[in-house]
**Q** 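Okay, here's the structure, questions in a sec.
Each ligand, and each atom within it, is numbered from 1 in the order the structure gives. Each residue takes its place number in the sequence, starting with 1.
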Amino acid sequence: MKISLLLPLCLLFSTTLALDLDINDQDSICSAAGTVVNGMLDYYDGKKYGGVVGMFQAPYYWWEAGHAWGGVLDYWYYCQNDSVEDVLYSSLMAQRGNNNDFIPKNQSTTEGNDDQGFWGIFVMSAAERNFTEPKDKDVPDWLSMSQAVYNTMWERWDSDSCSGGLRWQIFTWNSGYDHKNTVSNACLFQMASRLARFTGNDSYVETAETVYQWLIDTQFVVDGDKAYVYDGADISNNCSDIVKLEWSYNYGLLIGGAAYLYNYTESDDWLQKLTSLVNGAKDFFKDDIMYERACQGADNCNNDQRSFKAVFSRALGMTTRLVPSLYDEIRPLLESSAEAAAKSCSGGSDGVTCGLDWTKGSWDNKYGLGEQMCALEIFNSLLAPESPAPYNHENEGVGQGNVDAGKDSDSTSLDRSDLKIETKDRAGAAIVTAICLLILIIGSIWMIM
Ligand SMILES: *[C@@H]1O[C@H](CO)[C@@H](O)[C@H](O)[C@H]1NC(C)=O
Ligand SMILES: *[C@@H]1O[C@H](CO)[C@@H](O)[C@H](O)[C@H]1NC(C)=O
Ligand SMILES: *[C@@H]1O[C@H](CO)[C@@H](O)[C@H](O)[C@H]1NC(C)=O
Ligand SMILES: *[C@@H]1O[C@H](CO)[C@@H](O)[C@H](O)[C@H]1NC(C)=O
Ligand SMILES: *[C@@H]1O[C@H](CO)[C@@H](O)[C@H](O)[C@H]1NC(C)=O
Ligand SMILES: *[C@@H]1O[C@H](CO)[C@@H](O)[C@H](O)[C@H]1NC(C)=O
């Protein structure tokens, strides 16, 4: 074949395989999002013999499934694609745990407050989207489950160290129990804010305010014209040795929570706090394209971190819906990032596998569940302002909930001997923690320099 024929052929090949996206056309966005969802489901074994319903394949942890399904739920709602309903429903039902609070017994060796929080955020979305309620009359509705997550987290609020806050871990024997981090507290803050707006019960507002004030007091969040959100600290030294890494998901969880809370309270104070967070969030854009600044530059994002932009995208999209006065400020950043993400979704053998680095203008040879999740959620974020706002108690036929759900449950009083934790597992966990801490410390030193 002549070389002059080869070039147009190559061009044709590459254009048919990349993901097409017209940011002004809902059908185009939904079609791109659907393709990305299919890529996510490649990592899902729950429908196969021996697979676990609701979880993705190793090495993806339990928490990430909670967040991943939340993105698919938004897609189900925005694009009205019922073909994903079954997988969402069965995942919620399989992972809700005996007490409907998303502390399933078989996760308790590893489950932290943040892990429970991400599943809580998923089931909260199911309530807000009026997703098909449990068909079994003995199973409580999605709102009750959200309240159970909230109640069990709030019961663990720990004033014995650092004057408050949630610890990272739920269970004393897990490494990380002596650490208080932003993400666990930010999950509780967002749950409280959304429950306030959904139920109209102001006692959730009080909790949200307590949590946020604690984050400011510890200086995990530095408020001001532009907020800084840091990672967390060990409880020794009263939480003062702060790990100053900044992750987009911590900004996202707080921005999302503050947007709901402002929408509900209409208070100037919350608009000011939200605006400050959004100003801080702009550091996560390079030439108007979203990136995970703490690890993407050095190219050392781990599996969890590769999915953080998904949390961030969802929150910014929701903010354009719930706080119209910030639409003009946020929307252009979402549009340019979505266009860049679509260009990155041009890899793999299917030609539509998404990459990690959207600033490149093409696929960067990275792939995984996190990469797919981020692309899905940046596409979803464009649809948020066109769709109805999340429902609340004023809408007909939504869940009734149970304000006391999960209280006095025995989910966290598991008998240690039940768990058969082998000494070698604990030693392994200790080594993993030591390595993680070392990486965090080296990372912080590197960031400071
Ligand atoms: C609906 O979602 C499925 C599963 O992800 C996908 O294969 C299908 O193309 C989607 N349908 C439409 C009309 O986009
Ligand atoms: C955990 O238990 C649930 C039922 O409570 C089950 O559906 C799931 O498959 C189990 N997960 C694992 C990883 O074994
Ligand atoms: C509001 O929530 C609080 C705390 O969860 C609860 O004690 C109170 O009964 C609730 N009020 C109403 C009207 O449901
Ligand atoms: C410990 O930290 C909390 C929160 O930052 C602060 O309110 C408290 O005063 C500190 N306590 C001591 C003894 O330094
Ligand atoms: C709350 O959200 C609704 C629905 O998006 C919107 O119409 C309303 O303006 C929002 N309220 C505030 C205070 O921004
Ligand atoms: C919620 O779902 C129920 C049951 O399908 C339905 O009767 C009700 O109208 C729905 N409410 C809204 C606001 O969509």
**Q** Check each atom of ligand 5 against the heavy atoms of P324 and keep those under 4.0 Å away; list them by number with element.
**A** 9 (O), 14 (O)
**Q** Can you find a side-chain donor-acceptor pair between T353 and D350 that sits under 3.5 Å?
**A** yes
**Q** Between R96 and F102, is NZ or CZ placed under 6.0 angstrom from the six-membered ring centre and within 45° of the ring axis?
**A** no
**Q** Which ligand 5 atoms does A389 reach within 4.0 Å, using its non-hydrogen atoms?
**A** 4 (C), 5 (O)
**Q** Which atoms from ligand 5 have a heavy atom of Y262 less than 4.0 Å away?
**A** 13 (C), 14 (O)
**Q** Have a look at ligand 6 and work out which part of E396, if any, has a heavy atom under 4.0 Å from it: side chain, backbone, both or neither.
**A** backbone
**Q** Polar-atom distance check: N130 versus ligand 6, any N or O pair below 3.5 Å?
**A** yes
**Q** Strictly under 4.0 angstrom, heavy-atom based: which residues surround ligand 3?
**A** N201, S203, V403
**Q** Can N38 and T35 be counted as having a side-chain donor-acceptor contact under 3.5 angstrom?
**A** no
**Q** Which residue in the set W247, Y60, W63 passes side-chain hydrogen bond (donor to acceptor under 3.5 Å, both in side chains) when paired with D304?
**A** W63
**Q** Tell me whether the centres of the aromatic rings in F312 and F284 are closer together than 6.0 Å.
**A** yes
**Q** Under 4.0 Å from any heavy atom of L322, which atoms of ligand 5 are there?
**A** 1 (C), 2 (O), 10 (C), 11 (N), 12 (C), 14 (O)
**Q** Going by atom types only, do N250 and T182 share a side-chain donor-acceptor pair under 3.5 Å?
**A** no
**Q** List the residues meeting ring pair (Phe, Tyr, Trp, His ring centres under 6.0 Å) with Y249, not counting sequence neighbours, and say none if there are none.
**A** F308
**Q** Which class fits the ring pair Y89 and W142: parallel under 30°, tilted 30 to 60°, perpendicular over 60°?
**A** perpendicular
**Q** Show the atoms of ligand 5 that are less than 4.0 angstrom away from any heavy atom in E266.
**A** 13 (C)
**Q** Checking side-chain polar atoms at under 3.5 Å, does D217 have a donor or acceptor matched by the opposite partner on Q213?
**A** yes
